[in-house]
Amino acid sequence: MTLLTLLAPPVVPAAAQPLTVTDQLRVSVARYAEHLTDPSGTLTFAEVSSSQHAPNFQPHDGDAFLYGLNRDTNWIRFRLADLTASVGSLQDIDAASIAADVVLYLDYPSLDYLDIYFPLTTTNTEPTATDIGGQPYLTHHSGWLQQPPGKGYQFVFPTFDVPASIDLDGYVYIRVRSDYTRNFRIMLEDRTSFQQRQFRIIAFLFFTVGIVMAVLGTNLLLYIRLRDPQYLVYIIYIAMLLIYQNSIAGTFRLLDVRVAVWLTATVVMWSHLAMFSALRFANSFLQIRERVPRLHGFFQLLMALCTVGALLVVLGFRLEANVLAHIIGLTGPILLVSSAAMVWYKGKKHHATQQPEHHTHPAERTDRQAPCKWTDYHVSRYYLAASFLVLISVITFVLRGLGLIPHTLITSYALSLTGGAESILYSLALAERIRLLQLGQQTLRQAQLHLSAMSFTDELTGLGNRRRLNRTVTQFASTGPDSTNGNSASAVHHTSPAPKLSVMYLDIDRFKIVNDTFGHAQGDNVLVGLADTIQANIRQDDLAFRVGGEEFAVWLPNTDHTDAYRIAERIRTQFAQMEFPLDGIRIHCTVSIGIAQLQPSETTDRCLIRADKALYSAKEAGRNRTHVAPGAAT
C-alpha cells in the first residue's frame with residue numbers, strides 16, 4: 001500500500017448507496033453546515049446560539065472549511081438530523097446507536113483553540129452538561145493550547161465522541177480560533193474505519209520521523225569522523241526540520257505534553273529556523289557567493305526575513321510571523337531550485353570545456369587543462385532533486401494553508417510526506433561532495449608526488465640528479481648506526497664497524513669534443529647510452545645519478561670496494577664497446593671511474609670526496625680505467 005493510499009483513502013459521498021451503521025462510513029459534514037465569522041472574537045456561545053444571530057449563519061459550500069490566515073474566530077453549526085436524512089446508513093438509527101458506532105473529528109490538528117458544543121435531550125447521562133438558553137449542551141475543549149482529556153492521539157485528529165443523549169435535531173456548534181492556518185474538514189466516520197485510518201497516519205508519521213532521525217544520526221557520525229563543516233550545517237538543518245515537522249504534526253505529545261505544548265505554540269518560530277538553516281546550508285553547499293553571486297543577495301535577504309520572523313514569535317506576533325513564513329515558504333524553494341540548477345548547469349558547461357587531454361599527468365597540464373573546479377556539479381544533481389521535493393512539498397503546504405488548493409490529507413502532510421526522501425537526497429549530495437573532494441585531494445597528492453619525483457630526476461636520462469644524491473647521502477648518514485644529534489647529517493662519523501657502502505664517480509672521456517664536433521643533441525645520445533649501461537649493470541637496491549654535464553655517480557649499499565670494482569669494470573667495458581652513429585660516423589666513447597669504500601670513523605661526505613679524487617686519478621693516468629681511492633686495497 002502506497003503512502004498516498006495511507007494518507008488519502010476515498011471519502012464516501014453523501015449520496016452513496018444505502019449502508020448499515022456497521023458498514024464503512026466516512027462523510028464530510030461541511031455541505032450540511034453553516035458558518036459565522038466573528039472578526040472581534042468576542043461573541044460568546046450563548047450569543048451565537050441565540051435566535052438573534054441565527055440569520056447571520058451562512059450556508060457553507062464545499063467539503064472543507066478554508067479560513068486561511070487571520071485573527072477571526074469562526075463558528076460552525078450543523079444538525080446530525082440533516083446527515084441522517086441524507087446518508088443511508090444513518091437513516092432510522094437512534095442517537096444512542098450513532099453515538100456508539102460513529103466518531104466526529106477534524107482532519108487537521110494545527111488549531112490553537114477548538115470548542116464543540118453538543119445539544120442534548122437530557123442531562124441525566126451527561127452530568128457535566130450545562131443549560132444554555134434553555135437547551136442543555138455538552139462542551140468539549142480541544143486544540144493545541146487546550147489539552148483534551150484522555151486523548152493520546154489527538155495530535156493526529158481532534159476527536160469527539162458523540163454523546164448518547166444527543167439531540168439530533170439540535171445544532172452542533174464548533175468554535176475555532178487560531179493564529180495558524182484554519183483549513184480543515186469535519187468528518188463523521190464509523191469507529192472501525194477511523195481507528196484503522198488513525199493507526200495508518202500515526203505509523204506514517206513515525207516512519208518519516210524515523211527516517212529523518214536515522215539521517216540525522218548518520219550525518220552526525222560522519223561529521224565526528226570527517227570534521228567537514230558542511231555536515232555540521234546540514235545537521236543543524238535536519239535538526240530544525242525534525243523539530244518543525246514534529247511540532248506541526250504534534251508527535252512530541254507522546255513524549256512530553258508540556259514540551260509539546262511549547263513547541264506547537266512556537267511552531268512558526270521553528271519553521272523560520274528550519275527555513276533559515278535550509279538557506280544557510282544551500283548557500284554554503286552550493287558556494288553561492290563564488291558561483292552565482294547575483295543570487296547571494298536574495299539568500300541574505302530571505303535569511304534576514306527568517307530571523308525577523310523568529311523574533312516576531314518571541315515578541316508575541318505569531319500571526320504576522322506566520323504570514324511572513326508563508327511568503328518565505330513560497331519564494332525560498334524557488335530560490336533553492338534556481339540556484340541549484342544554475343550551479344549544476346554552470347558546472348556541467350565548465351566541465352565540458354575543461355576536459356584534460358588523454359594520458360596527460362595532472363602536473364603536466366596547462367592552465368587551460370587544469371582540473372575542473374566545478375567537479376561537484378554531479379553533487380548538484382542530488383541537491384537539485386532534493387530541492388524539487390522541497391519546492392513541491394512546501395509550496396503545496398503553503399498554498400493549502402492559504403486556501404488556494406484543496407485541503408486533503410496529502411496537502412496537509414506534504415512536508416512529512418517528502419521529508420524523509422529529501423533528507424536522504426541531501427545526504428547523498430553531501431556524500432558525493434566528500435567523495436569528489438577526496439578524489440581531488442588524491443589527484444593533488446599524486447601530482448605533488450610526481451612533481452617531487454621530477455625535482456629529483458634528471459630529465460634526459462631518467463636517473464636521479466644531484467639533489468637526489470645529496471638527499472640519499474643525508475638519509476644514509478642520519479639513519480646510520482651511530483648518528484649523533486646536533487651534527488650535520490652528511491657529516492656524521494661512523495665508528496667501526498662501518499656500514500658497508502661503496503660509491504663511484506664516472507666521467508665520459510673527452511665529452512666536450514663530442515659536443516663541439518657533433519652538437520649537443522648527438523652528445524645527449526652518448527649520455528643516455530652511459531645511463532642505460534649503468535642501469536643494466538647495477539642491482540635493484542643500487543642508485544644511479546647524473547650529477548653534472550657528463551658526470552655520473554652510483555651509490556652501492558652493502559657493497560665493498562672489490563664488488564664495486566667488478567661492477568665498474570663491466571660498465572666501463574660495455575660502454576667502450578658501444579657504437580654511436582653521429583652524422584654518419586660510428587664512434588666509440590670511454591669513461592673513467594673512481595671508487596671509494598666508506599671507512600670506519602669516516603663521514604659520507606669524505607667518502608664522496610675520495611671517490612671524486614679517484615676519478616681524477618683515473619683521468620690523469622690516461623682515462624678509460626677504474627681507480628679505487630686510497631684507504632682500501634686495489
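Enclosure of atom CZ in F317 is not indicated, since only 12 or fewer non-hydrogen atoms of other residues, nucleotides or ligands lie within 6.0 angstrom.
Minimum interatomic distance between V103 and T159 (heavy atoms only, all atoms of both residues): CG1-CG2, 3.1 Å. Residues I76 and Y67 approach most closely at CG1-OH, 3.7 Å, considering heavy atoms. The two atoms that bring A64 and R185 nearest to each other are CB-CG, 3.4 Å, heavy atoms only. P163 and L120 get closest at one heavy-atom pair: CG-CD2, 3.6 Å. Smallest separation of non-hydrogen atoms from G41 and T73: CA-OG1, 3.4 Å. Minimum heavy-atom separation, F276 to M303: CD1-O, 3.3 Å.
Under the 3.5 Å distance criterion, the side-chain polar atoms of D112 are matched with a main-chain donor or acceptor of D179. Between the S284 side chain and the R280 main chain, no donor and acceptor come within less than 3.5 Å of each other. Listed for the D38 side chain is a donor-acceptor partner under 3.5 Å among the backbone atoms of L43. Not a single donor-acceptor pair under 3.5 Å links the side chain of E422 to the backbone N or O of S387. When atom types are taken as modelled, the side chain of S193 and the backbone of R26 share no donor-acceptor pair closer than 3.5 angstrom. Side-chain atoms of N322 do not come within 3.5 Å of backbone N or O of R318 as any donor-acceptor pair. A donor-acceptor pair under 3.5 Å is formed between the side chain of S271 and the backbone N or O of V268. No donor-acceptor pair under 3.5 Å is formed between the side chain of D72 and the backbone N or O of N74. Listed for the S28 side chain is a donor-acceptor partner under 3.5 Å among the backbone atoms of D63. R182 places no side-chain N or O within donor-acceptor distance of the main-chain N or O of G401, the cut-off being under 3.5 Å.
Using cut-offs of 30° and 60° on the angle between ring planes, the pair F281 and Y234 is tilted. Between Y105 and F157, the ring planes lie tilted relative to each other; the angle falls in the 30° to 60° range. The aromatic rings of Y426 and Y237 lie perpendicular to each other, with more than 60° between the two planes, well past the 30° mark.
Checked by atom type, the side-chain pair T408/T411 shows a donor-acceptor distance below 3.5 Å. Of the N and O atoms on the side chains of R400 and Y108, at least one donor lies less than 3.5 Å from an acceptor on the other residue. For the residue pair W262 / T266, no side-chain donor-acceptor distance below 3.5 Å is found, with atom types taken as modelled. In this structure, a donor-acceptor pair under 3.5 Å is present between the side chains of S427 and N219.
Residues Y173 and F45 place their aromatic rings such that the two centres sit under 6.0 Å apart. Here H60 and F65 bring their ring centres to under 6.0 angstrom of each other.
In this structure, the separation between CG on D115 and CD1 on I174 is 10.0 Å, given to the nearest 0.5 Å. One distance of note links OG of S178 with CG of N183; it measures 10.5 Å at 0.5 Å rounding.
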Y171/F78 under ring-ring contact (aromatic ring centres under 6.0 Å, His included): CA gap, chis, key distance, verdict:
CA-CA 5 Å; Y171 280 105; F78 61 92; 8.8 Å; no

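Results of the side chain to side chain contact (heavy atoms under 4.5 Å, CB included) test with F160 over L138, I186, L114, V172 single out L114 as the only residue that passes.
Side-chain atoms of V233 and S277, non-hydrogen and from C-beta on, never get closer than 4.5 Å to each other.
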